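Please read these numbers as outputs of a predicted model, since none were measured by experiment.
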Amino acid sequence: MTAPTKPLPHSPAADPGDSPERTGDTLHTPVIAWFDAHARDLPWRREDAGPWGVMVSEFMLQQTPVSRVLPVYEQWLARWPRPADLAEEAPGEAVRAWGRLGYPRRALRLHGAAVAITERHGGDVPRLHAQLLALPGIGEYTAAAVASFAYGQRHAVLDTNVRRVFARAVTGVQYPPNATTAAERKLARALLPEDERTASRWAAASMELGALVCTAKNENCARCPIAAQCAWRAAGKPAHEGPARRGQTYAGTDRQVRGKLLAVLREAVTPVPQATLDRVWDEPVQRARALDGLVADGLVEPLPGGMYRLPMT
């Protein structure tokens with residue numbers, strides 16, 4: 001049994017006579033049991049990953065599927081097994097090792113966090129949520145995730161998968177809002193078990209349920225451990241009524257151009273001349289805009305004579 005939970009919002013799938021504690025328990029117990037039986041064996045979930053391994057995974061997994069993260073994660077930890085190892089390197093090396101994971105500013109932020117951990121915390125990822133939140137490049141989600149997954153603490157961990165599970169199972173809608181709302185945070189806190197260990201397992205289990213079963217498309221209700229309690233399913237799975245949810249485009253965008261420019265710089269061991277970068281993309285205005293953006297973001301360092309390299313400082 002889990003510890004009592006805080007009162008829950010009304011769910012149309014729940015018996016109105018149920019107590020808040022019982023309603024919470026009907027979600028926690030089956031989801032955690034499902035997780036114990038079906039969770040993927042991922043390297044950052046193993047004990048030897050440590051807090052640094054958990055933090056690295058959280059940076060890499062933002063907007064990036066597990067299949068793409070795994071090889072880069074393993075190479076990263078082999079090269080930089082501790083924050084101090086990464087902090088000793090130039091930030092450009094973090095960008096180089098990031099490869100084609102996308103959103104490379106995450107590499108710079110992770111490098112900045114490693115430097116701060118080394119300088120402020122003796123090279124150990126801090127345990128306290130407030131200390132994690134004070135690190136550069138770490139927001140509310142990442143601080144809560146590291147505190148929960150690395151240290152077994154009690155925090156509401158709200159990623160896209162968790163938000164979708166809560167939206168369907170409790171709120172009764174197909175998708176959560178595009179941006180996390182105060183109401184979602186309140187619901188997540190209400191659903192959080194009081195016991196720390198149970199709460200950290202609940203955070204991981206609800207996230208895995210959204211990743212594997214309660215997916216954005218083609219959800220598999222037959223495999224869902226809480227299908228009988230799901231408010232959205234009980235309501236007949238009403239279609240999403242909010243703003244249209246459009247997938248992110250990539251081809252022909254500045255993001256694609258930035259990726260092509262960075263690919264050239266990652267492969268180079270010496271500074272690259274402007275003429276080499278000009279061959280990356282035919283359209284000069286977009287190419288210049290993308291390069292200027294990379295420089296402004298600190299991902300590329302301009303040098304005298306029209307030369308460019310990954311950042312050294």
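To the nearest 0.5 Å, the span separating CG on Leu132 from NE2 on His155 amounts to 8.0 Å. In this structure, the separation between CG on Leu294 and CG on Leu265 is 8.0 Å, given to the nearest 0.5 Å. Atom CZ of Arg96 and atom CG of Leu262 lie 10.5 Å apart (nearest 0.5 Å). Atoms CZ and OG, on Arg201 and Ser206 in that order, are 11.5 Å from each other to the nearest 0.5 Å. Arg223 contributes atom CZ, which lies 12.0 Å from atom SG of Cys214 (distance to the nearest 0.5 angstrom). To the nearest 0.5 angstrom, Arg266 atom CZ is 8.0 Å from Leu310 atom CG.
A distance-only check finds no donor-acceptor pair linking the side chain of Thr276 to the backbone of Val272 [under 3.5 Å]. Panel note: side chain Glu283, backbone Val285; a donor-acceptor pair is recorded below 3.5 Å. When atom types are taken as modelled, the side chain of Gln286 and the backbone of Gly252 share a donor-acceptor pair closer than 3.5 angstrom. In this structure, the side chain of Glu184 engages the main chain of Thr181 through a donor-acceptor pair within 3.5 Å. A distance-only check finds a donor-acceptor pair linking the side chain of Ser57 to the backbone of Val54 [under 3.5 Å].
By the criterion of side-chain heavy atoms lying less than 4.5 angstrom apart, applied directly or through intervening Ile, Leu, Val, Met, Phe, Trp or Tyr residues, Ile117 is grouped together with Tyr151 in one hydrophobic cluster. By the rule that hydrophobic residues join a cluster once side-chain heavy atoms approach within less than 4.5 Å of another member, Leu101 and Leu108 end up as members of separate clusters. Tracing side-chain contacts under 4.5 Å through hydrophobic residues (I, L, V, M, F, W, Y), one never reaches Leu277 starting from Met307; they form parts of separate clusters. Linking ILVMFWY side-chain heavy atoms closer than 4.5 Å, directly or via other members, places Leu299 and Val264 in a single hydrophobic cluster. Leu133 and Val56 end up in different hydrophobic clusters when Ile, Leu, Val, Met, Phe, Trp and Tyr side chains are linked at under 4.5 Å.
Inter-residue side-chain proximity for Glu88 and Thr118 is flagged as unmet; no heavy-atom pair is nearer than 4.5 Å. Residues Thr142 and Val146 are in side-chain contact: their nearest non-hydrogen atoms beyond the backbone lie under 4.5 Å apart. Looking only at side-chain heavy atoms (C-beta outward), Leu135 and Met55 come within less than 4.5 Å of each other. The side-chain heavy atoms of His111 and Leu86, taken from C-beta on, include a pair separated by under 4.5 Å. At a threshold of 4.5 Å between non-hydrogen side-chain atoms, the residues Arg197 and Arg154 do not count as touching. For the pair Ser200 and Gln153, the minimum side-chain heavy-atom distance is 4.5 Å or more. Residues Val300 and Leu261 have side chains not in contact (no heavy-atom distance under 4.5 Å, counting atoms from C-beta outward). Using a 4.5 Å heavy-atom cutoff, the side chains of Val157 and Phe149 are in contact.
The ring-ring contact (aromatic ring centres under 6.0 Å, His included) analysis of residues 45-87, with sequence neighbours excluded, yields the pairs Trp44-Tyr73, Trp76-Trp80, Trp76-Trp98.
Taking the six-membered ring where tryptophan is involved, the planes of Trp202 and Phe166 are essentially parallel, since the angle between them stays under 30° and well short of 60°.
Looking at every heavy atom in both residues, Arg68 comes nearest to Gly102 through NH2-N, 4.0 Å. Taking each heavy atom of Pro136 and Gly112 in turn, the nearest pair found is CG-O, 3.4 Å. Annotation for Gly172 and Pro238: closest pair O-CG, 4.1 Å, computed over non-hydrogen atoms. Across all their heavy atoms, Pro83 and Ala114 have their closest contact at O-CB, 3.5 Å. Taking every heavy atom of both residues into account, Ala290 and Val257 meet most closely at CB-CG1, 3.6 Å. Between Pro176 and Ala167, the shortest heavy-atom contact is N-CB, 3.8 Å.
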Residues Cys221, Lys237; criterion side chain to side chain contact (heavy atoms under 4.5 Å, CB included); working and verdict: CA-CA 11 Å; Cys221 297; Lys237 293 187 176 181; 3.2 Å; yes

Val72 and Met60: CA distance, side-chain angles, deciding distance, side chain to side chain contact (heavy atoms under 4.5 Å, CB included) verdict: CA-CA 9 Å; Val72 181; Met60 290 185 174; 3.9 Å; yes

Criterion side chain to side chain contact (heavy atoms under 4.5 Å, CB included) on Leu209 and Trp34, from CA distance to verdict: CA-CA 8 Å; Leu209 185 65; Trp34 172 87; 4.0 Å; yes

Side chain to side chain contact (heavy atoms under 4.5 Å, CB included) between Gln274 and Leu291, worked out: CA-CA 10 Å; Gln274 176 78 57; Leu291 183 57; 3.9 Å; yes

Would you tabulate the side-chain donor-acceptor contacts of residues 120-129 under 3.5 Å, counting partners in other chains and residues two or more places apart, or write 'none'?
residue : atom : partner : partner atom : Å
Arg120  : NH1  : Ala134  : O            : 3.2
His129  : NE2  : Glu140  : OE2          : 3.3

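Judged purely by distance below 3.5 Å, without hydrogens or angles, the side chains of Tyr103 and Gln62 never pair a donor atom with an acceptor atom. In summary, the side chains of Trp232 and Gln174 do not present any donor paired with an acceptor at a separation below 3.5 Å, with no hydrogens or angles considered. For the residue pair Arg164 and Thr215, no side-chain donor N or O sits within less than 3.5 Å of a side-chain acceptor on the partner.
When Thr64, Val69, Leu70 are each tested for a side-chain contact (heavy atoms from CB on, under 4.5 Å) with Val66, only one passes: Leu70. Each of Asp278, Asp292, Asp282 was scored for a salt bridge (Lys or Arg N to Asp or Glu O under 4.0 Å) with Arg287, with one residue passing: Asp278. Among the candidates Leu27, Thr26, Val213, the single residue satisfying the side-chain contact (heavy atoms from CB on, under 4.5 Å) test with Ile226 is Leu27.
Using a 4.0 Å cut-off between charged side-chain N and carboxylate O, Glu301 and Arg309 make a salt bridge. Ion pairing between a basic and an acidic side chain is recognised when a charged N comes within 4.0 Å of a carboxylate O; Asp254 and Arg289 show such pairing. Between Glu208 and Arg45 there is a salt bridge, since a side-chain N of the basic residue sits under 4.0 Å from a carboxylate O of the acidic one.
Enclosure of atom CG in Asp48 by more than 12 non-hydrogen atoms of other residues, nucleotides or ligands within 6.0 angstrom is indicated.
Scored by the side-chain hydrogen bond (donor to acceptor under 3.5 Å, both in side chains) test, Arg258 finds Asp297 as partners (sequence neighbours excluded).
Both the sub-6.0 Å distance and the 45° axial angle are not jointly satisfied by Arg163 relative to the ring of Tyr175.
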